[in-house]
Amino acid sequence: ELVIFPSGVPHSNPAWGVSFANVIDVVSGTGTTATGLAVQKGSEDRFLFVAHGGSNSLDVLNKTTGALVKSISMSNPTSLAVDANDELWIITGSPVASSPLGPIKVARYSVNSDGSLNTPNLTLSDLVAPDAIAVSPDGTTVLVADSGSAQQIKAFRSKDGRRPHWVLGTPGGYSNDPSVNDQKFYFNDVRGDLGTFIAYAPDGSFWVNDTGNFRAQHYSSQHQWIDRIMSLGASYTINVDKNNISRVFSGFMEFNVDYTLPISGSTGWTLVNNWGGNPTIPPITFNQIRMLSNTMTLSNARTYGLVPTLN
């Protein structure tokens with residue numbers, strides 16, 4: 001359903017060939033891309049928050065009219081979430097120790113009636129490079145996608161931010177081992193942070209973007225895997241191991257193909273390895289049309305392939 005904001009304006013993007021009849025928080029210029037979005041849900045609370053990390057600002061809008069209430073200066077705000085008390089959780093700063101943006105942190109802020117924020121009343125610890133946050137529907141748990149050397153989902157108690165009471169994911173993700181499973185995430189590689197999201201469903205289950213594997217993973221409220229949505233999109237590097245045709249590669253992703261089954265969205269193929277997380281791969285390789293090619297298993301039972309390293 002299209003919502004018309006009284007303060008909204010028409011907007012078009014000729015580069016993408018799209019037009020919108022009613023848009024709010026229209027900003028332009030370098031670093032103005034929206035990096036986070038959250039809204040207060042209480043009937044007495046009225047704000048919509050939009051983070052613009054590249055311009056170090058958080059826009060506070062009236063959630064009903066769409067009018068800009070104020071713009072707050074803060075260091076690289078990215079992921080946002082509003083909890084059951086309509087307090088705002090924000091990831092700010094940078095995981096790079098020498099960055100002028102300051103240290104990265106996940107903090108909770110109470111919101112004043114004029115849209116301003118108070119100083120943080122809670123800051124989470126035991127995080128490496130937090131990338132996304134979400135608050136459970138019952139308000140008791142804050143989930144953080146921790147990138148960097150962690151590549152895990154960490155759960156904190158929202159009332160006191162105690163150290164993670166459970167953690168989902170293998171430390172290091174695919175940097176240590178290419179084998180694919182549902183208890184492992186690919187949030188970054190030699191290119192840097194790939195970005196991710198966490199989204200709760202009303203029943204307390206949640207979705208995680210397993211970015212490097214091109215899939216969104218669905219977990220129960222007890223953090224057990226349920227299902228997934230996966231879509232590769234365009235692929236410019238595809239090859240088959242000539243001596244083991246069940247091994248099919250798209251980029252650095254390796255699929256096992258069972259030719260006795262129909263090839264469909266759910267049968268006939270399984271993602272078994274993702275070699276892209278190897279920290280020894282030159283970053284420039286990911287910019288090539290041909291990433292991993294000419295794979296072949298030889299008589300010594302070893303598999304070889306070509307990886308370009310130059311422009």
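Residue numbers run from 1 in the order of the sequence given. Since this is a predicted model, take the numbers as computed values, not measurements.
Judged purely by atom type and a 3.5 angstrom limit, S12 has no side-chain atom pairing as donor or acceptor with the backbone of P14. Side-chain atoms of S94 never come within 3.5 Å of backbone atoms of S99 as a donor-acceptor pair (strictly under, hydrogens ignored). At least one donor-acceptor pair closer than 3.5 Å links the side chain of T170 to the backbone N or O of Q183. A donor-acceptor contact shorter than 3.5 Å links the side chain of T35 to the backbone of G53. Distance alone, capped at 3.5 Å, is enough to place a donor-acceptor pair between the T196 side chain and the N209 backbone. Looking at D146, its side chain does come within 3.5 Å of a backbone N or O of A129 through a donor-acceptor pair. Panel note: side chain N176, backbone P171; a donor-acceptor pair is recorded below 3.5 Å. Within the 3.5 Å criterion, the main-chain N or O of G277 finds no donor-acceptor partner in the side chain of W275. A distance-only check finds no donor-acceptor pair linking the side chain of T270 to the backbone of V272 [under 3.5 Å]. Although no hydrogens or angles enter the test, the distance criterion places a donor-acceptor pair under 3.5 Å between the side chain of N239 and the main chain of L292.
Checked against T141 for a side-chain contact (heavy atoms from CB on, under 4.5 Å), the options K159, H165, R157 give a single hit: H165. For the side-chain contact (heavy atoms from CB on, under 4.5 Å) with R247, the lone residue among V240, T295, T297, V257 that qualifies is T297. Of the listed residues (T303, N273, N274), just one forms a side chain to side chain donor-acceptor pair (under 3.5 Å) with E254, and that residue is N273. L48 pairs in a side-chain contact (heavy atoms from CB on, under 4.5 Å) with only one of the listed residues (T65, T64, I24, V60), which is I24.
When side chains are defined from C-beta on, T211 does not count as touching Y186, because their heavy atoms never get closer than 4.5 Å. A heavy-atom distance below 4.5 Å is found between the side chains of N76 and T78. At least one side-chain heavy atom of L232 sits less than 4.5 Å from a side-chain heavy atom of M253. Side chains of N278 and F252 form no contact here, defined as non-hydrogen atoms less than 4.5 Å apart. Using a 4.5 Å heavy-atom cutoff, the side chains of W89 and L124 are in contact. Contact annotation: the side chain of V180 approaches that of Y174 to within less than 4.5 Å [non-hydrogen atoms, C-beta and beyond]. Side-chain contact between L61 and F5 is absent, with no heavy-atom pair separated by less than 4.5 Å. Annotation: side chain of F187 is in contact with side chain of I153 (closest heavy-atom distance under 4.5 Å).
Of all non-hydrogen atoms in S175 and G172, the two that sit nearest each other are OG-O, 2.6 Å. Between V69 and N62, the shortest heavy-atom distance links the atoms CG2-N, 3.6 Å. Contact detail for P95 and V128: the closest heavy-atom pair is CB-O, 4.2 Å. Closest of all the heavy-atom pairs between K105 and P120 is NZ-CG, 4.2 Å. For V23 against F20, the heavy-atom pair with the smallest separation is CG2-CB, 3.5 Å. Of all heavy-atom pairs between W269 and I263, the closest is CD1-CG2, 4.3 Å.
The line from CG of L117 to CE of M74 is 5.0 Å long, rounded to the nearest 0.5 Å. For the atom pair CG of L168 and CZ of F185, the computed distance is 4.0 Å after rounding to the nearest 0.5 Å. Between the CG atom of L271 and the CZ atom of R215 there is a distance of 6.0 Å, given to the nearest 0.5 Å.
Side-chain atoms of N112 and N118 include a donor-acceptor pair closer than 3.5 Å. With hydrogens and angles left out, the side-chain atoms of S158 and D83 include no donor and acceptor closer than 3.5 Å. In this structure, a donor-acceptor pair under 3.5 Å is absent between the side chains of S75 and N56. Using modelled atom types, one finds no donor on one side chain facing an acceptor on the other under 3.5 Å when comparing Q40 with D86.
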- [ ] For the pair I104 and I91, evaluate side chain to side chain contact (heavy atoms under 4.5 Å, CB included) and give the outcome as yes or no after the intermediate values.
- [x] CA-CA 7 Å; I104 197 164; I91 297 178; 4.0 Å; yes

Open item on the list: Determine whether K63 and F47 satisfy the following criterion, side chain to side chain contact (heavy atoms under 4.5 Å, CB included), listing intermediate values before the conclusion.
Closed with: CA-CA 5 Å; K63 71 178 184 181; F47 298 119; 5.9 Å; no

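Within 6.0 Å of atom NZ in K41, more than 12 heavy atoms from other residues, nucleotides or ligands are found, so the atom counts as buried in its surroundings. When the shell of 6.0 Å around CZ of R162 is examined, it contains 12 or fewer heavy atoms from other residues, nucleotides or ligands.
Using a cut-off of 4.0 Å between Lys/Arg side-chain N and Asp/Glu carboxylate O, K184 and D177 are scored as salt-bridged.
When the side chains of ILVMFWY residues are joined at heavy-atom separations under 4.5 Å, either directly or via intervening members, Y200 and W225 end up in a single hydrophobic cluster. Residues Y304 and F249 are members of separate hydrophobic clusters, defined by side-chain heavy-atom contacts under 4.5 angstrom among Ile, Leu, Val, Met, Phe, Trp and Tyr.
Between W166 and H223, the angle of the ring planes stays under 30°, which puts this pair in the parallel group of the 30/60° scheme. Ring orientation note: the planes of Y219 and F206 are close to parallel, at an angle under 30° on the 30°/60° scale.
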